[in-house]
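Take a look at the structure below.
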Amino acid sequence: MTIPRIRISSYLLATLAGIFAVIIWSSTIAFSKSVMETEGNYSAMFLIYFFGGILLFGILLVWLKNEFFTKWKKLSFAYYSRIGIFLLLNNTLLFIAIGLTSNKNELLIVTIINYLWPIITYIIKVPMFHIKPKIGLFVISIVLAISGVVIAFSQEYTINEFIGVIKVANYSIWAYLLTLLTAVSWALYSNLTKKYHTDDDVAALPIIFIVSGLLFLFVQIFKGQFIFSSLTSLYKNYELIYMIICPTALAYLF
């Protein structure tokens with residue numbers, strides 16, 4: 001059967017967009033940790049998500065024009081409570097986990113654990129969509145995916161060294177657990193978005209990002225740590241600018 005050319009074109013465009021998203025996302029943890037070290041954990045989280053959400057709002061408004069508000073109005077509270085909440089968790093949990101790391105080794109472990117999300121996405125997809133895969137191929141795929149994680153770990157640690165890292169873990173063990181929950185929340189968000197067949201969910205992205213940023217702002221205010229002078233970093237800190245534009249706005253748009 002011949003596949004229509006327009007379908008191939010759309011498929012290739014979507015695939016390329018996905019590849020670019022993953023490439024940009026791969027820089028998130030390193031850059032965000034650097035921004036946290038200069039701006040403070042909660043301040044960095046607020047600045048990245050709040051202004052990333054505003055930027056994404058502007059991009060979508062220019063791209064979709066009046067259709068943006070039409071899509072946004074179609075999204076009920078049920079969307080945010082059963083789907084959007086998992087993107088909110090993904091945003092907040094990952095940054096909290098990054099903030100809990102105290103050295104480069106712990107940050108490396110967080111980075112690798114976070115990239116369990118592709119295989120977790122497919123593992124969750126099977127029962128959620130009642131898919132009956134060929135068990136042999138499915139198991140082989142899972143083993144290969146996990147092998148990638150193991151190989152990545154083995155570049156830095158022997159088995160005994162890794163066990164030693166886990167044994168002496170204090171706050172870092174929470175970072176690892178939160179990162180695992182981050183991967184699971186992203187897998188749930190991805191599958192639920194597909195399951196409920198909504199074409200309007202793109203309009204929810206800036207809203208969820210802005211809310212994510214406001215949550216960290218409220219924490220800052222509660223702790224008495226917020227100062228208006230931190231806003232000057234929006235044009236002085238180039239790593240912060242990169243985080244707002246690329247991993248936060250463009251990658252999620254892709």
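All values derive from a computational prediction rather than experimental measurement. Residue indices begin at 1 and follow the sequence shown. The analysis underlying the following values was restricted to heavy atoms, covering all of them including side chains, and did not include hydrogens, waters or symmetry mates.
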Margin query: Please evaluate residues T101 and I109 with respect to the criterion side-chain contact (heavy atoms from CB on, under 4.5 Å), reporting the C-alpha separation (whole Å), side-chain torsions for both, the decisive distance (0.1 Å), and the verdict.
Written below: CA-CA 9 Å; T101 60; I109 295 175; over 6 Å; no

Margin query: Show, in sequence, the C-alpha distance, side-chain angles and deciding distance for V110 and Y176, and conclude whether the side-chain contact (heavy atoms from CB on, under 4.5 Å) test is met.
Written below: CA-CA 6 Å; V110 164; Y176 306 150; 4.0 Å; yes

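The CG atom of L93 sits 4.5 Å away from the OG1 atom of T182 when rounded to the nearest 0.5 Å. Here the straight-line distance linking atom CD1 of I245 with atom CD1 of I48 works out to 12.0 Å at 0.5 Å rounding. Between L89 atom CG and S185 atom OG the span is 5.5 Å, to the nearest 0.5 Å. With rounding to the nearest 0.5 angstrom, the CD1 atom of I120 is 11.0 Å from the CD1 atom of I142. Summarising the geometry, atom OG belonging to S32 is positioned 10.0 Å from atom CG belonging to N41; distances are rounded to the nearest 0.5 Å. Between L240 atom CG and S43 atom OG the span is 8.5 Å, to the nearest 0.5 Å.
By the criterion of side-chain heavy atoms lying less than 4.5 angstrom apart, applied directly or through intervening Ile, Leu, Val, Met, Phe, Trp or Tyr residues, V126 is grouped together with M128 in one hydrophobic cluster. I112 and V22 fall within a single hydrophobic cluster, where Ile, Leu, Val, Met, Phe, Trp and Tyr side chains are chained together by heavy-atom contacts under 4.5 Å. No continuous path of hydrophobic side-chain contacts links L253 to I19 [ILVMFWY only; heavy atoms under 4.5 Å]. A single hydrophobic cluster is seen to contain both I85 and L94, as judged by linkage of ILVMFWY side chains at heavy-atom distances under 4.5 Å, directly or through other members. I140 and L116 end up in different hydrophobic clusters when Ile, Leu, Val, Met, Phe, Trp and Tyr side chains are linked at under 4.5 Å.
Contact between L47 and E39 at its shortest, heavy atoms only, is CD1-OE1, 4.4 Å. Contact detail for E106 and L100: the closest heavy-atom pair is OE1-O, 4.2 Å. Listed here is the closest heavy atom pair of I113 and A183: O-CB, 4.3 Å. For the residue pair L60 and V202, the shortest heavy atom distance occurs at CD1-O, 3.4 Å. The shortest non-hydrogen separation linking I208 to G84 is CD1-CA, 3.7 Å. Closest approach of V35 to A44, counting heavy atoms only: CG1-CB, 3.7 Å.
Using a 4.5 Å cut-off on side-chain heavy atoms (C-beta onward), F69 and L64 make no contact. Residues F254 and I24 are in side-chain contact: their nearest non-hydrogen atoms beyond the backbone lie under 4.5 Å apart. Looking at heavy atoms from C-beta onward, I29 lies in side-chain contact with L107 at the 4.5 angstrom threshold. Side-chain contact between F138 and I131: absent, with no pair of heavy atoms (C-beta onward) separated by less than 4.5 Å. Side-chain contact between L108 and K104 is absent, with no heavy-atom pair separated by less than 4.5 Å. In this structure the side chain of Y252 reaches within 4.5 angstrom of the side chain of L87, judged on heavy atoms. In this structure, the side chains of W117 and N90 stay at 4.5 Å or more apart for every pair of heavy atoms. By the 4.5 Å heavy-atom criterion applied to side chains, L234 and I244 are counted as neighbours.
In this structure, W25 places its CH2 atom where more than 12 heavy-atom neighbours from other residues, nucleotides or ligands lie under 6.0 Å away. Open room surrounds NZ on K125; 12 or fewer heavy atoms of other groups in view lie less than 6.0 Å from it. Atom OH of Y115 sits in a crowded spot, with more than 12 heavy atoms from other residues, nucleotides or ligands closer than 6.0 Å.
Less than 6.0 angstrom separates the ring centroid of W186 from the ring centroid of Y189. Ring centroids of F216 and F95 are separated by 6.0 Å or more, keeping the two rings apart.
Note on ring orientation: taking the six-membered ring where Trp is involved, the planes of F57 and F68 are perpendicular (angle over 60°, cut-offs 30° and 60°). Using cut-offs of 30° and 60° for the angle between ring planes, the F31 and Y242 rings count as tilted.
A donor-acceptor distance shorter than 3.5 angstrom exists from the side chain of T248 to the backbone of M243, with no hydrogens or angles considered. Judged by distance alone, with hydrogens and angles left aside, the side-chain atoms of K195 form no donor-acceptor pair with the main-chain N or O of F129 at under 3.5 Å. No donor-acceptor pair closer than 3.5 Å links the side chain of S190 to the backbone N or O of A187.
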